[in-house]
Amino acid sequence: MAKNKNSYSMIMVIVSVLIVFAIIKVIAPYVFMILLAKDHTMPTPSTLLLWYMVLAVLASLVYVSTSDLKWANFLSFILPAGDDKFKALFQKMMVIAFPLLVGWFVYSGTVPGTASPVELRIQHPTLLQEFEKLENPFANADEATKRKCIEEGKHLYQQNCRPCHGSKADGNGPFANAFRLRPINFTDPGTIATVVENFAFWRIKEGGPGLPAVSTPWDSAMPAWKDVLTDTQIWKIIMGEYVTAGVQSRQREEMEH
C-alpha cells in the first residue's frame, strides 16, 4: 500500500506547486488589500511571481531528492502503469497537458497586444491646472524650520519611498527588481532636477493612476499617496528627497501678470 501511495509523489509535487501559484496569484492580492486597508486588490508583480514559482519548484525537487527512495518513487510515476488505471489516467493527462501548457505560455508571451498605445509616451506631462499655483508652504520659512522639515522629510522618505527608490534615492530599493520598469533614479539629473516642486507634489499625491492617457499610465507603478500622506508630509518628503538625491528642483518661471 505504501509503495502504491508513494508512486503518486510526482502528482503531489505538481499539485503543491499549483497551490502555491493559486495562493500568490489569486489569494495574496485580496489578503494584502485587507492588511493594507486598500479599496482595490494588490496584485503580485509578475517578476516576483516568477521568482516565487522557481523557488517552489526547487523546494519540491529538493524534498523528493532527500533520499534515494523518495527520488525513485518520484521518477517511478513516468514508468508503465501496469494495472493501475488511475496512474495510467494521470500519465495521459500529463502527456496532453504539458505541451498545451507550454504552448499557452509561448502564445501568451508572443501574441501582439490588441490595445497597444499608438501615441508617443510623454515623460513629463503638462502639470494640471489645479497644481500650477501651489507653493511649498515651507519655501519661505527660516533656515531652522527648513532644516527641521528636511530631516522630517528624509525620515518620511525612508519610511514610504525607500522600498522602491532606495535609501540613496538612486532607484535601487529592495523592491526595485520586482517591477518591469525600475523605479526612477532621482540622482539622475534628468529626473526630478528637471521639474518644479509642485510637479513632484502632483506625482506623489496622484501617482500612476493620476497620470493622463498620453503618459501611458500603465508604465508607472507609483501608487497614489493622497489617502496615506497629508499634504504637509508630501511637501516635507519632497524637501528631504531632493537633499537625499543631491539635486535641486527646477526653479519656477516668473508668473505672467
* Structure fact -> CD1 of I19 to CD1 of I14, rounded to nearest 0.5 Å, is 12.0 Å

* **ring pair (Phe, Tyr, Trp, His ring centres under 6.0 Å) assessment of W71 paired with F74** => CA-CA 5 Å; W71 185 245; F74 178 74; 5.5 Å; yes

* **Test: E151 and K154 ion pair at under 4.0 Å** => yes

* For the residue pair F201 and W235, does the interplanar ring angle fall in the parallel (under 30°), tilted (30 to 60°) or perpendicular (over 60°) class? -> parallel

Output side-chain donor-acceptor pairs under 3.5 Å for residues 161-173, partner residues at least two apart or in another chain, one line each.
| unit_1 | atom_1 | unit_2 | atom_2 | d |
| --- | --- | --- | --- | --- |
| H165 | ND1 | I184 | O | 3.1 |
| D170 | OD1 | N172 | N | 3.2 |
| N172 | OD1 | R182 | NH2 | 2.6 |

* Please report the closest heavy-atom contact between A28 and T44, naming both atoms and the distance. => CB-OG1, 4.3 Å

* **From CG (L101) to CE (M94), nearest 0.5 Å** => 11.0 Å

* Can you tell if the side chain of V196 reaches within under 4.5 Å of the side chain of S249, non-hydrogen atoms only? -> no

* Donor-acceptor under 3.5 Å (E206 side chain, R203 main chain) -> no

* Asked: If you look at every heavy atom in P189 and T194, which pair is closest and at what distance?
  -> O-CG2, 3.4 Å

* Asked: Any salt bridge between D231 and K205, counting N to O under 4.0 Å?
  -> yes

* Asked: Just how far is it from atom CZ of F186 to atom OG1 of T191, taken to the nearest 0.5 Å?
  -> 7.0 Å

* Should the heavy atoms of other residues, nucleotides or ligands under 6.0 Å from NZ of K25 be counted, would the total exceed 12? -> no

Ignoring hydrogens and angles, write down the donor-acceptor pairs under 3.5 Å from the side chains of residues 135-146, residues two or more places apart or on other chains.
| unit_1 | atom_1 | unit_2 | atom_2 | d |
| --- | --- | --- | --- | --- |
| N136 | OD1 | F138 | N | 2.9 |
| N136 | ND2 | E197 | OE1 | 3.3 |
| D142 | OD1 | A144 | N | 3.1 |
| D142 | OD1 | T145 | N | 2.9 |
| D142 | OD1 | T145 | OG1 | 3.1 |
| D142 | OD2 | T145 | OG1 | 3.0 |
| K146 | NZ | A139 | O | 3.0 |

